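What follows is a set of notes on a single structure, which appears directly below.
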Amino acid sequence: MYQTPKTKIRSAMKMAWLIDTNPSLLLMLQHFNIDFRVSDLTVGQLCGKYDISENLFVSIANLYNGFDTKGHQPFTRKDLLQVIDFLQSSHDYYRSDKYPQISAYIRQLQEHHPVREMKLLEKFFNEYFAEVLEHLDYEDSIAFPYFITLLNNGKAEEKGKRYSSKEYGRHHTDIELKLQDLKNLLLKHIDIEDRLDLRRKLLFALYELEFDLYIHSLIEENILIPSGALIEKE
Amino acid sequence: MYTPPLHIAIMENSKIIFEGLQAIICHSSLDCCVNRVETLEKLTEMIEHTPIDILIANPMQFVNREKEIKKLRRAYPTLAIAGIDFGIINHQPMLTDLSFTLYDSPEHILHSLMKLQEKSRSTEQEKEEDDNLTPREIEVLTGLVNGMINKEIAQQLHISIHTVVRHRKNITLKTGIRSQSGLTIYAISKKIVSIEDIDP
């Protein structure tokens, strides 16, 4: 999403003003399960109200504003459990909000343009979605429980299937590449006429999804995995 | 002929200097986009996925890192580097293509950048100019969407596997599509293959 100039978020800033400068932060609030009626609260006050660590909230909010988390922030175990809640909530968003929306747009387009390419595009998307679901299920059933056990002071149990950060990374790359293919096909290659409104909605949804998936993988790769590795060492 | 916008990266810690340069560049007639990079590491990271034509750098960032800069230059021969001359460090011709000072007029700075643009573009001219696939690439693509592996394509076309890989890389560069299923849709929409030819 086009956003310039960028604001580096600090805890004394008013949340409502920050949303005004970057509405994508609404999605972040949703993932944190924070109500959008933020009144006149500052970031710090909002975190206090919802019992979320300021350090964590500010780090993630800054990812949405285009600033990388600098070096390693000392996140506590409680923070990391909140990160997992956050990630799980974004999984719900992909599963029951974004993907059905995109899928519906493609179906509508296909109904208006019963050309073969559109049929194939629908097939491409469905296969892609199935892959994404598989990855989300992997995280929900293997990666997250692994981290939760670790964070609750337990030893990671030796179950049949073990979590591997390598596999984790490979899934992400795949998901990002196919999304890119889909955008390129729509923007450069497939001949579809008319229905600009529908195609704009579809593309916009793809960009929104891409942006949130990008933040999602940044959180996992820059916050969850390194902090998890530190705790493993303890 | 279409030329993509010039991609300029500025490596300078001072926000005042960065914003100033960005304002001069963005308000000029140069067709470009400007990014800020903070460190050499970030630059290396960025250049891997976004090609950069011109780097404007504070030469302080290069101190004791000459080797890395030279390596970067070898890996990306089209990258042109302009140094900001603070009068502190002697101009090192190996590291920068030219330099300007903060007291130069905007016109002078833009003129320097345009000269660099010519340098960067002339090196690029040697590359393919349009995004149309060559007949050979079309043959490789046809094999791919028919589910053939590199080895089979190589045998069929009497070329080495290495060459098949190179063609595949160019196909991805030109079309922007990497996955096999994506390439299939591409091939059908460009009528390179017909839907009946493809195994279900």
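Numbered from 1 within each chain, the chains take letters A, B, ... in sequence-line order. What you see is a predicted model; the values in this text were computed from it and never measured.
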Reported [atom1]-to-[atom2] distance for the pair [X] and [Y], which is rounded to 0.5 angstrom:
X: B:Thr184; Y: A:Leu120; atom1: OG1; atom2: CG; answer: 7.5 Å
X: B:Ser179; Y: A:Leu185; atom1: OG; atom2: CG; answer: 7.5 Å
X: A:Asp181; Y: B:Gln180; atom1: CG; atom2: CD; answer: 11.5 Å

* Asked: Please walk me through it: do B:Thr175 and A:Asn184 pass side chain to side chain contact (heavy atoms under 4.5 Å, CB included)?
  -> CA-CA 8 Å; B:Thr175 61; A:Asn184 278 331; over 6 Å; no
* To do: Could you tell me whether the side chain of A:His189 reaches within less than 4.5 Å of the side chain of B:Lys190, counting heavy atoms only?
  => yes
* Is A:Tyr128 close to B:Ser181 at the side-chain level, that is, under 4.5 Å between some pair of heavy atoms? -> no
* To do: Please name the pair of heavy atoms, one in B:Ile185 and one in A:Ile190, separated by the smallest distance, quoted to 0.1 Å.
  => CG2-CD1, 3.7 Å
* Under 6.0 Å from the NZ atom of A:Lys119, do we count more than 12 heavy atoms belonging to anything else shown? ->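 No, because the 6.0 Å sphere around NZ of A:Lys119 holds 12 heavy atoms or fewer from other groups.
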* Asked: Under 6.0 Å from the CZ atom of B:Arg36, do we count more than 12 heavy atoms belonging to anything else shown?
  ->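 Enclosed: over 12 neighbouring heavy atoms sit under 6.0 Å from CZ of B:Arg36.
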